[in-house]
Amino acid sequence: MHVTRRTVLAGTAAAAALTALPAVQARAATGATPAYRWRNAVIGGTGFVTGVLFHPSVRGLAYARTDIGGAYRWDDGAARWTPLTDHLGWDDWNLLGVEAIAVDPAHPDRLYLALGTYTQSWAGNGAILRSEDRGATWTRTDLTVRLGANEDGRGTGERLLVDPRDSDTLWLGTRHDGLLKSTDRGAGWAAADGFPAAPTAGGQGVTFLVAAGRTLYAGWGDSDGTAGSARLYRTGDGRTWEAVPGQPTGASAKVPIRAAYDCHTRELYVTYADAPGPNGQSDGSVHKLATTSGTWTEVTPVRPEGGDTFGYGGVAVDARRPGTLVVSTNNRWAAVDTLYRTTDGGRTWTSLKDAAVFDVSETPFLKWGEDQPKFGWWIQAVAVDPYDSKHVVYGTGATLYGTRDLRHWAPQVRGLEETSVVQLVSPPVGEAHLLSGSGDIGVMYHERLTASPSRGMATNPVSGSATGLAQAAARPSYVVRSGWGDHGNGAFSNDGGRTWAPFGGQPAIAKDAPGPIAANADGGVLLWSFVHWDGTKYPAHRSTDNGTTWSEISSFPKGATPVADPADPTLFYAYDTDKGNVLASTDSGRSFTVRAAGLPAGDSQFKLVAAPGRSGDLWLSAKWNGLYRSTDGGVSFTKITSCWASYTLGFGKAADGADYPAIYQVGSTETITAVYRSDDGARSWVRVNDDRHQWGWTGANITGDPRVYGRVYLATNGRGIQYGEPV
């Protein structure tokens, strides 16, 4: 998403709407960035951990990768993860997805990352980050190909490998562009000569690269359409490649997922599934290759049968004990996923789930509203500590679990906060300074910012992906939420979000298309908008009995976000992003009429927000079209000239002596898209983040704290909730 500055010419209607207020004079942010301390508001994971890699020659050193939340380094002494890619900024949002990690066993401080979240044309190319100090600093090489860390197959093995024969040589497996090779430690890349497999449209390409002694193996996820087509290749000299003879075929071995080499027994273990995963797998198997003799043996712990369908995912060998390894099932919903462990090379297996005891007191949301947590799902990342045979970790779609005795498990996830956050509310009173809603685990009540919410995610009903979260401005104990739930898609709270109750009823469309929701100032009226995940928009509905009954609002623009006036309970607003119109209701949401026309249109992410404590004070973030303000309830708007782009905007406690709330935004005042604060009503801005704290795409939501001047909460797409405070 490369942002370029644009000049937008307003038509006649726009000109009429933009003339009533005096122009705000431009004054770009100047001076040094104020000192801010940035931290995660602790949730404890919540996203898909797609890979974990222990360094083979350094005790206590490990790395983790995620599909949209960057890479992390494990600090064994502090028992927490350090984020390594927060420096990636707005223009590099696509690089927050980590396709693969590689370490150099001969040079412990060297670290390599292959970055790129999507392979579609709009996402841009991938990149390689190279570090000589374990990720403290980086050198970057931009690729000419795209990588897909958040696409199908993102839980397969590491596609990046340092050649064990030469530390200057690296290999990179891609999804659609074959195998690449670098001979200068990742600075330059070219197609690898002699690699025989050709990518196919929509295929997976290389699914993993692994070294077995001095021989390299590459998993291949595409099919040439012929029966028994090769899925595993190898090279002994780095120049000539061949299909591995006798390799498994059939549905259960359709896609090689991961591989691990036991150097003691010289056996290569490979997990297979009938689809790349993490979804869609219904069959799978595990095989081992005796690399000295070329003999293959199937060692599948349990074959899927009947309604118990699944594939196999992670595999990790115990570096200290020959013939000892663990493998994971994946996409097993009937009997629930597990890890199987063998100590005899796969002749017999034990399910670690059967004796597992979980302690999720540090991250209570992992109970999912039940008495006990599940073993997990989307288990494709599995690792065994090479210095501690009983230290096993595995990633799930929501966390990273670890054990030190093969029986007792707990989240090993401190510092690894990967969540796509979409909703933020900072209440003016009460125990919690923050309520949040995410695309992964719904709504949370943050009574502390430094610990995972003690009540976990919102329940009654269990809260899935959040689509709306709103607080009654004059009655802050009343909060409503919308999103995917197990018994209805809307709920209300009378205690500020501590506890919830489902709406007594919901419109029929709410089952399939829950969208944003608003409560008027006194909480007596609710407006609920509906948007399907495919973008289809439906009529909004209104309730005056706390969500028991609902009536359609035909004059409300379909799919728009309802905005309640914070001071007058009879007023609501809406921004029709399709037409560029601001509408208002003066009868508590019964009907809406157009007040301003000709504003920027065509993007559903344009946002209309109301300033706290004031009636009719509206602000419109229109992305690269700029920032607009109305002080007459949307009748007219003035373009704010102190910034040329605004992606999301919110308010916090005013500075001492100021007569207007502090304004926070993600936007652009000069050339860089960053996080800014204004203490003078948007006449001037100061940047409050820095180049080390950028977090990729941050345009979903931002809000200040109404009780603490300078504190700002920022929703990120993959790095959870960031909050900053002046030092």
Side-chain angles (χ1 to χ4, degrees), residues 39-40 42-87 96 98-105 107-115 129-138 149 155 157-158 160 162 260 314 316-320 326 328 339 359-360 362-363 376 379-396 398-406 408-419 452 718-720:
R39 289 173 286 179
N40 270 110
V42 175
I43 297 175
T46 80
F48 188 21
V49 180
T50 51
V52 180
L53 183 64
F54 281 100
H55 199 287
S57 56
V58 180
R59 181 186 292 271
L61 179 60
Y63 299 94
R65 61 178 167 96
T66 63
D67 51 2
I68 63 171
Y72 302 79
R73 181 184 63 244
W74 177 249
D75 182 338
D76 201 45
R80 65 180 298 111
W81 297 92
T82 299
L84 301 178
T85 50
D86 284 355
H87 67 283
L96 260 290
V98 184
E99 183 86 293
I101 299 175
V103 297
D104 187 342
H107 300 274
D109 291 338
R110 292 181 185 172
L111 173 66
Y112 302 89
L113 302 179
L115 307 179
L129 291 187
R130 300 169 281 133
S131 178
E132 298 285 342
D133 51 17
R134 305 185 186 186
T137 60
W138 297 98
E158 302 304 330
L160 185 64
V162 176
V317 299
D318 185 338
R320 303 172 69 85
V326 292
S328 71
L339 298 184
D359 177 3
V360 296
E362 190 170 317
T363 54
I379 304 177
Q380 294 187 291
V382 178
V384 178
D385 189 334
Y387 292 88
D388 182 353
S389 297
K390 293 185 178 181
H391 183 198
V392 179
V393 296
Y394 68 92
T396 77
T399 193
L400 184 75
Y401 280 117
T403 182
R404 298 282 182 169
D405 62 5
L406 303 179
H408 295 88
W409 300 83
Q412 192 170 309
V413 77
R414 292 178 189 171
L416 199 164
E417 296 282 351
E418 189 213 3
T419 310
S452 185
R719 278 290 288 123

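Every value quoted in this text rests on a predicted model; they were computed, and no experiment measured them. What's counted below: heavy atoms across the whole structure, side chains too, no hydrogens, waters or symmetry copies.
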| query | Looking at S131 and D133, what are the two nearest heavy atoms and their distance? | reply | OG-OD1, 2.7 Å

| query | Is T46 close to T363 at the side-chain level, that is, under 4.5 Å between some pair of heavy atoms? | reply | no

| task | Kindly give the heavy-atom pair with the smallest separation between A64 and L416, and that separation in Å. | result | CB-CD1, 4.0 Å

| message | Between S57 and P105 (side chain of the first, backbone of the second, donor and acceptor by atom type, cut-off under 3.5 Å), is there such a pair? | response | yes

| task | Indicate the atoms forming the closest heavy-atom contact of L84 with W138, along with that distance. | result | O-NE1, 3.1 Å

| message | Can you confirm whether H87 sits close enough to L129 that some side-chain heavy atom of one is under 4.5 Å from a side-chain heavy atom of the other? | response | yes

| field | Atom of V384, atom of D388 and distance for their closest heavy-atom approach | value | CG1-O, 4.4 Å

| query | How far does CG of L96 sit from CG of D67, to the nearest 0.5 angstrom? | reply | 10.5 Å

| Gap between atom CG of L53 and atom CG of L61 - 0.5 Å precision | 9.0 Å

| field | Sub-4.5 Å side-chain heavy-atom contact between L339 and W409 | value | yes

| query | Which value, rounded to the nearest 0.5 Å, describes the distance between T85 atom OG1 and Y72 atom OH? | reply | 6.5 Å

| task | Taking only Lys NZ, Arg NE, NH1 and NH2, and the carboxylate oxygens of Asp or Glu, determine whether R134 and D109 approach each other closer than 4.0 Å. | result | yes

| query | Any side-chain heavy atom of V360 sitting closer than 4.5 Å to one from T399? | reply | no

| request: Identify the two heavy atoms, one from S452 and one from I43, that lie closest to each other, and give their separation to 0.1 Å. | output: OG-O, 2.5 Å

| task | Could you grab the distance from atom CG of D76 to atom CG of D385, nearest 0.5 Å is fine? | result | 7.5 Å

| said: Classify the ring geometry of Y401 against Y394: parallel below 30°, tilted from 30° to 60°, perpendicular beyond 60°. | reply: tilted

| T50 pairs by side chain to side chain donor-acceptor pair (under 3.5 Å) with which of R65, Q380, E158? | R65

| Residues in salt bridge (Lys or Arg N to Asp or Glu O under 4.0 Å) with R110, at least two apart? | D104, E132

| Under 3.5 Å side-chain donor-acceptor pair for S389 and D318 | yes

| field | From NE2 (H391) to CG (L406), nearest 0.5 Å | value | 11.0 Å

| message | If you compare all heavy atoms of F54 against all heavy atoms of P386, which two are closest, and at what distance to 0.1 Å? | response | CB-CD, 3.4 Å

| request: Check step by step if side chain to side chain contact (heavy atoms under 4.5 Å, CB included) holds for L111 and V103. | output: CA-CA 5 Å; L111 173 66; V103 297; 4.0 Å; yes

| task | Indicate yes or no: at least one non-hydrogen side-chain atom of L400 is less than 4.5 angstrom from one of W81. | result | yes

| I68 vs E418 side-chain heavy atoms within contact, under 4.5 Å | yes

| query | Between R719 and D86, is any pair of side-chain heavy atoms under 4.5 Å apart? | reply | yes

| Does the side chain of V52 reach to within under 4.5 Å of the side chain of Q412, using non-hydrogen atoms? | no

